[in-house]
Enquirer: 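Here it is: the structure, laid out below.
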Amino acid sequence: ADHGLFDEVARNASRFVRAVRSAASLLFVSHVDVLPIDEMGEQLEGEDLAWYLQLCFEHKLLDAPELARWHDMYVELHTDLSDFLRASSLYDKEKALERCMLLQRWRDAAYLLGCLSREDDAIALLLKHNDLDGAARHAASSEEALGAFSERATARPDLIAAALDAAADGCELDLPRVLASTQSGMEVPDLRKRYIGALQAKRLDAALLDAAAACASRDETLALERKLHVSQRGVLMEPPYEFDEDGNIIIERRDRYY
């Protein structure tokens with residue numbers, strides 16, 4: 001400041017960035033009051049501008065509404081948009097959707113479709129590109145998305161399997177509602193194993209257990225599965241029940257074990 005170097009940097013931003021980007025990074029984020037984002041952005045282009053906007057985003061310097069145009073520019077210049085799309089609310093979502101479709105970033109496109117109240121299209125897009133895990137995870141984002149996913153899962157065992165796997169991986173999906181949509185006799189691959197994973201991840205949530213049992217009772221492939229050992233994690237079970245040698249609960253309901 002004593003030597004007027006801020007003015008010199010402002011006039012030669014591109015040269016400064018190309019010459020010593022690490023120093024430019026520190027200077028730009030530390031002195032944004034005298035090196036405003038708008039002024040610096042006008043001095044940069046291409047790769048330098050992409051770098052600068054990424055720097056601003058990482059340091060939360062793009063929050064001001066008057067800088068909304070740089071949010072749209074960020075979308076135009078970058079390909080990895082997942083974090084930015086979810087952190088910013090100032091970009092044009094329709095334009096961002098076009099960009100994500102062009103980049104074939106289907107999960108980001110589905111997120112934007114959800115923001116535009118087009119959850120059915122979001123689920124349909126992910127299923128069109130065979131991203132079953134993405135569809136199951138997106139179903140956890142809203143009531144509308146869950147409804148669109150559950151409607152399709154009614155006759156698709158692969159979607160039930162994807163929902164169980166997502167729940168087992170910690171996704172906060174309303175699994176009982178999804179399971180309630182299954183048709184009688186539906187054969188889900190490795191259903192018993194997937195139930196165990198989902199139940200353990202949910203710490204044997206009672207509602208999930210009931211939904212799993214109800215779904216399993218309609219699945220003819222489980223008619224011959226007589227025993228299923230699950231760890232006791234504090235959930236209340238319906239009697240009668242008994243413990244095996246390792247202290248695991250064996251749950252008996254009517255003439256079947258779950």
Enquirer: Please assess R105 against D80 for the test side-chain contact (heavy atoms from CB on, under 4.5 Å), listing each intermediate value before the final yes or no.
Expert: CA-CA 9 Å; R105 307 283 294 205; D80 186 1; 3.3 Å; yes
Enquirer: Rounded to the nearest 0.5 Å, how far apart are NE2 of H31 and CG of L26?
Expert: 7.0 Å
Enquirer: Quick one: are W106 and M101 in side-chain contact, heavy atoms under 4.5 Å?
Expert: yes
Enquirer: May I have the step-by-step check of salt bridge (Lys or Arg N to Asp or Glu O under 4.0 Å) for R118 and D121, ending in yes or no?
Expert: CA-CA 5 Å; R118 295 169 57 187; D121 291 338; 3.1 Å; yes
Enquirer: Taking all heavy atoms of L61 and all of L67, pick out the closest pair and write down the distance.
Expert: O-CD1, 3.7 Å
Enquirer: Kindly determine whether R107 and D133 satisfy salt bridge (Lys or Arg N to Asp or Glu O under 4.0 Å), including the steps that lead there.
Expert: CA-CA 10 Å; R107 293 196 184 189; D133 179 67; 3.2 Å; yes
Enquirer: If you count every heavy atom of other residues, nucleotides or ligands that lies below 6.0 Å from E47 atom CD, does the total exceed 12?
Expert: no
Enquirer: Please give me the minimum heavy-atom distance between V17 and D48, naming the atom from each residue.
Expert: CG1-OD1, 3.8 Å
Enquirer: Working to the nearest 0.5 angstrom, can you tell me the gap between I160 CD1 and F149 CZ?
Expert: 6.5 Å
Enquirer: Closest heavy-atom contact between A136 and A162?
Expert: CB-O, 3.9 Å
Enquirer: So, taking the atom named CG in D174 and the one named CD in E172, what distance separates them when rounded to the nearest 0.5 Å?
Expert: 10.5 Å
Enquirer: Apply side-chain contact (heavy atoms from CB on, under 4.5 Å) to L90 and D63, showing your working.
Expert: CA-CA 8 Å; L90 300 178; D63 291 344; 6.0 Å; no
Enquirer: Distance from L159 atom CG to L127 atom CG, nearest 0.5 Å?
Expert: 5.5 Å
Enquirer: Is there side-chain contact between F16 and L27, with at least one heavy-atom pair below 4.5 Å?
Expert: yes
Enquirer: Report the distance from atom CG of D72 to atom CG of L77, rounding to the nearest 0.5 Å.
Expert: 11.0 Å
Enquirer: For L175 and A167, which heavy atoms make the closest approach, and how far apart are they?
Expert: CD2-CB, 3.6 Å
Enquirer: Could you tell me whether the side chain of R194 and the main chain of P189 form a donor-acceptor pair under 3.5 Å?
Expert: yes
Enquirer: Looking at every non-hydrogen atom in both residues, tell me the closest pair between I123 and A148 and how far apart they are.
Expert: CG1-CB, 3.9 Å
Enquirer: Can you list everything that forms a ring pair (Phe, Tyr, Trp, His ring centres under 6.0 Å) with H78? Sequence neighbours excluded, please.
Expert: Y74
Enquirer: side-chain contact (heavy atoms from CB on, under 4.5 Å) for W70 and L49? Distances and angles first, verdict last.
Expert: CA-CA 10 Å; W70 295 112; L49 179 57; 3.9 Å; yes
Enquirer: Would you say W51 and S25 make side-chain contact, with heavy atoms under 4.5 Å?
Expert: yes
Enquirer: Report yes if the side chains of L132 and R156 come closer than 4.5 Å at any heavy-atom pair, otherwise no.
Expert: yes
Enquirer: Determine, step by step, whether C100 and L85 satisfy the side-chain contact (heavy atoms from CB on, under 4.5 Å) criterion, reporting the C-alpha distance in whole Å, the side-chain angles of both residues, the deciding distance to 0.1 Å, and the verdict.
Expert: CA-CA 10 Å; C100 288; L85 294 177; 3.8 Å; yes
Enquirer: Show me the pairs that pass salt bridge (charged side-chain N to carboxylate O under 4.0 Å, His left out) and involve residues 26-40, at least two apart or across chains.
Expert: D38-R69
Enquirer: Within this structure, what is the CZ-CD distance for the pair R177 and E143, rounded to the nearest 0.5 Å?
Expert: 4.0 Å
Enquirer: If you define the side chain from C-beta out and look only at heavy atoms, does anything of R18 sit under 4.5 Å from N12?
Expert: no
Enquirer: Is any side-chain heavy atom of L125 closer than 4.5 Å to one of H138?
Expert: no
Enquirer: With sequence neighbours excluded, give me every side chain to side chain donor-acceptor pair (under 3.5 Å) pair touching residues 87-101.
Expert: H71-S88
Enquirer: Ignoring hydrogens, what is the shortest heavy-atom contact between M40 and A13? Give both atom names and the distance.
Expert: SD-CB, 4.1 Å
Enquirer: Taking side chain as C-beta onward, heavy atoms only, is R137 less than 4.5 Å from D169?
Expert: yes
Enquirer: Is there side-chain contact between L164 and V178, with heavy atoms separated by less than 4.5 Å?
Expert: no
